[in-house]
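The following block contains the structure, expressed as structure tokens.
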Amino acid sequence: MKRMTQGLLIILLLGMSQISVAGTETISVYSYHNHPPFVTGPDSGLTFDLVKELNRKAKGKAKFKVKIVPRSRLNHYLKGWINGSCPDKGCKQNWVVPWVNPKWGFIKGGRDNYLWHELFADSNVIISRRNDDLDYTGPQSLKGRVLAGMRGHRYVGIDDLVRSGDIQRIDGNYERDNIIKLLHSRADATLLPESTINYFLARDREIQQQSAKLKIAEQHHQRYTRFIMLPETRRDLLEIVQGSALDFSQVNP
């Protein structure tokens, strides 16, 4: 009888545990920004810091989980949201996407069906060698130059000049590699988010040692704000985001 009672107690405890786990909704934090400062190593970077803070604020009501995916795959996951057919019964609503902007191709339907929370201001900057006479004042000033770009990225005002042959573009997979190409004179310029070059100049020893050779143009290629994007149905998640102690003041000091 005693053994039966102990066994029944264990079964009840296991059942309670399963109920507790089942009651916690998992929220996918999709991001295609797999470079510094958003991802700086295994489980490190702003994306992981963000998720830790969201989980702290959620207090077990939701479990936020990082999922780094290519932009093409993210577009597939959010296809219904992007084309404006969501929300409906067939649309998943357990996701958020940080570091993005409303103008970056997420709204192709008839209306904006997302919630947005501002994170921080950022920009794209042109970087060249200090001993080069390149003075960036706009895309036209890159004519006749070799630009190290990121594969799959689109550059407003620059892509047209690449197609016309006025700018030669060589693409890479990693932002840091493009800086090294520049330092080794395999490219005349590269384009990076300001937050990314700031990270390398502050944290990457090799680039720090050669920082005097680099020149960041005063004229920005683009300025924008990074947001966290949520389904319009998830004001509960927005409240968690808004109540979190998120501080990005040191990203672009």
Side-chain angles (χ1 to χ4, degrees), residues 21 24-78 92 94-101 104 106 117-125 127 148-153 171-184 190-211 214 224 226-230 237 240-241 243-253:
V21 171
T24 301
E25 183 183 16
T26 298
I27 306 298
S28 297
V29 181
Y30 291 121
S31 180
Y32 58 92
H33 292 84
N34 62 347
H35 56 84
F38 309 106
V39 174
T40 59
D43 299 329
S44 64
L46 290 186
T47 300
F48 296 92
D49 294 342
L50 171 66
V51 167
K52 288 177 184 177
E53 174 58 20
L54 293 179
N55 280 326
R56 183 196 69 79
K57 184 63 181 178
K59 298 179 179 179
K61 296 178 183 178
K63 176 67 175 178
F64 292 84
K65 185 176 181 180
V66 175
K67 292 189 177 181
I68 305 297
V69 297
R71 175 62 191 266
S72 58
R73 191 176 305 169
L74 177 60
N75 286 351
H76 175 71
Y77 291 158
L78 303 184
K92 292 184 178 180
N94 58 337
W95 57 267
V96 301
V97 181
W99 324 124
V100 293
N101 185 280
W104 293 352
F106 293 104
H117 177 76
E118 182 176 331
L119 296 177
F120 65 91
D122 207 347
S123 66
N124 288 341
V125 294
I127 306 164
M150 289 298 299
R151 184 167 285 108
H153 286 216
D171 283 348
N173 295 317
Y174 301 101
E175 285 77 2
R176 187 182 187 278
D177 289 352
N178 282 348
I179 298 176
I180 300 303
K181 290 175 188 175
L182 181 61
L183 289 168
H184 291 174
T190 189
L191 186 153
L192 292 177
E194 185 179 12
S195 56
T196 299
I197 187 60
N198 283 346
Y199 175 87
F200 286 131
L201 292 174
R203 305 287 184 88
D204 189 292
R205 181 171 297 180
E206 181 181 359
I207 292 176
Q208 278 182 322
Q209 292 172 345
Q210 302 193 67
S211 61
L214 298 173
Y224 47 85
R226 294 189 186 272
F227 294 82
I228 185 167
M229 182 177 79
L230 311 88
L237 299 183
I240 293 174
V241 173
S244 301
L246 304 173
D247 181 12
F248 302 107
S249 59
Q250 298 304 308
V251 176
N252 288 322

Counting N and O atoms only, with roles assigned by atom type, does the side chain of N252 sit under 3.5 Å from a partner on the main chain of A121, one being a donor and the other an acceptor? yes

Donor-acceptor contact below 3.5 Å, side chain Q208 vs main chain F200: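 Side chain of Q208 to backbone of F200: no pair is present.
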
Do I27 and L237 touch side chain to side chain, with heavy atoms closer than 4.5 Å?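 With C-beta onward as the side chain, the pair touches.
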
Got a donor-acceptor contact below 3.5 angstrom from the E194 side chain to the N124 backbone? no

Would a 4.5 Å heavy-atom cut-off, applied to side chains only, mark N178 and I127 as touching? no

Flag the pair V97 / S31 as yes when at least one side-chain heavy-atom distance between them is below 4.5 Å, and no otherwise.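 No, side chains not in contact.
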
Report the C-alpha distance between S195 and R226 in whole Å, list the side-chain angles of each, state the deciding distance to 0.1 Å, and finish with yes or no for side chain to side chain contact (heavy atoms under 4.5 Å, CB included). CA-CA 11 Å; S195 56; R226 294 189 186 272; 4.3 Å; yes

Looking at NZ of K57 and CG of L246, how far apart are the two atoms once the value is rounded to the nearest 0.5 Å?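 Between K57 NZ and L246 CG, I get 10.5 Å after rounding to 0.5 Å.
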
Set of residues satisfying ring pair (Phe, Tyr, Trp, His ring centres under 6.0 Å) with respect to F248, sequence neighbours excluded: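 With sequence neighbours excluded, F248 shows a ring pair (Phe, Tyr, Trp, His ring centres under 6.0 Å) to W99, F120, given in chain and number order.
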
Would you name the heavy atoms of A148 and K181 that are closest together and state the gap between them?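 Heavy atoms of A148 and K181 come nearest at CB-CD, 4.5 Å.
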
Residues which pass salt bridge (charged side-chain N to carboxylate O under 4.0 Å, His left out) with R56, listed by chain and number, not counting sequence neighbours: E53

Of the options H33, H35, E175, which is the one that meets T196 in a side-chain hydrogen bond (donor to acceptor under 3.5 Å, both in side chains)? H35

Side-chain heavy-atom pair E206, R176 within 4.5 angstrom cut-off: yes

Compare all side-chain heavy atoms of V39 with those of V66 and state whether any distance is below 4.5 angstrom.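 Sidechains of V66 and V39: no contact.
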
Could you go through R151 and Y174, starting from their C-alpha distance and side-chain angles, then the distance that decides it, and tell me whether this counts as side chain to side chain contact (heavy atoms under 4.5 Å, CB included)? CA-CA 9 Å; R151 184 167 285 108; Y174 301 101; over 6 Å; no

Indicate the atoms forming the closest heavy-atom contact of L201 with S211, along with that distance. CD2-CB, 3.7 Å

Yes or no on side chain to side chain contact (heavy atoms under 4.5 Å, CB included) for N198 and V251, after CA distance, side-chain angles and deciding distance? CA-CA 7 Å; N198 283 346; V251 176; over 6 Å; no

Less than 4.5 Å apart, any side-chain heavy atom of L50 and any of F64? no

For the atom pair CD1 (I207) and OH (Y199), what is the distance rounded to the nearest 0.5 Å?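 Going from CD1 on I207 over to OH on Y199, the span is 10.0 Å.
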
With rounding to the nearest 0.5 angstrom, report the CG to CD1 distance, L54 to I228.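 Interatomic distance, L54 CG to I228 CD1, rounded to 0.5 Å: 5.5 Å.
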
Supply the atom-to-atom distance T26 OG1 to N94 CG, rounded to the nearest 0.5 angstrom. 8.0 Å

Worked check of side chain to side chain contact (heavy atoms under 4.5 Å, CB included) between L78 and L74: CA-CA 6 Å; L78 303 184; L74 177 60; 3.7 Å; yes

Could you report the tightest heavy-atom contact between K67 and S28, atom names first, then the distance?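 So the minimum-distance heavy-atom pair works out to NZ-OG, 3.4 Å.
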
Neighbour count above 12 (heavy atom, 6.0 Å) for H76 NE2: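 Atom NE2 in H76 is not crowded, with 12 or fewer foreign heavy atoms closer than 6.0 Å.
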
In this structure, are over 12 heavy atoms from other groups packed under 6.0 Å from R205 atom CZ? no

Could you work out, with ring pair (Phe, Tyr, Trp, His ring centres under 6.0 Å) as the rule, every residue matching Y224, not counting sequence neighbours?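 Checked Y224 against ring pair (Phe, Tyr, Trp, His ring centres under 6.0 Å); matches are W104.
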
Do the side chains of P98 and F38 get nearer than 4.5 Å, heavy atoms only? no

When you compare the side chain of V51 with that of N55, does any pair of heavy atoms fall below 4.5 Å?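 Yes - at least one pair of side-chain heavy atoms lies under 4.5 Å apart.
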
Nearest-0.5 Å distance that lies between atom CG in D177 and atom CG in L182: 12.5 Å

Kindly compute the distance separating CG (L183) from CG (L214), expressed to the nearest 0.5 Å.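 Going from CG on L183 over to CG on L214, the span is 4.5 Å.
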
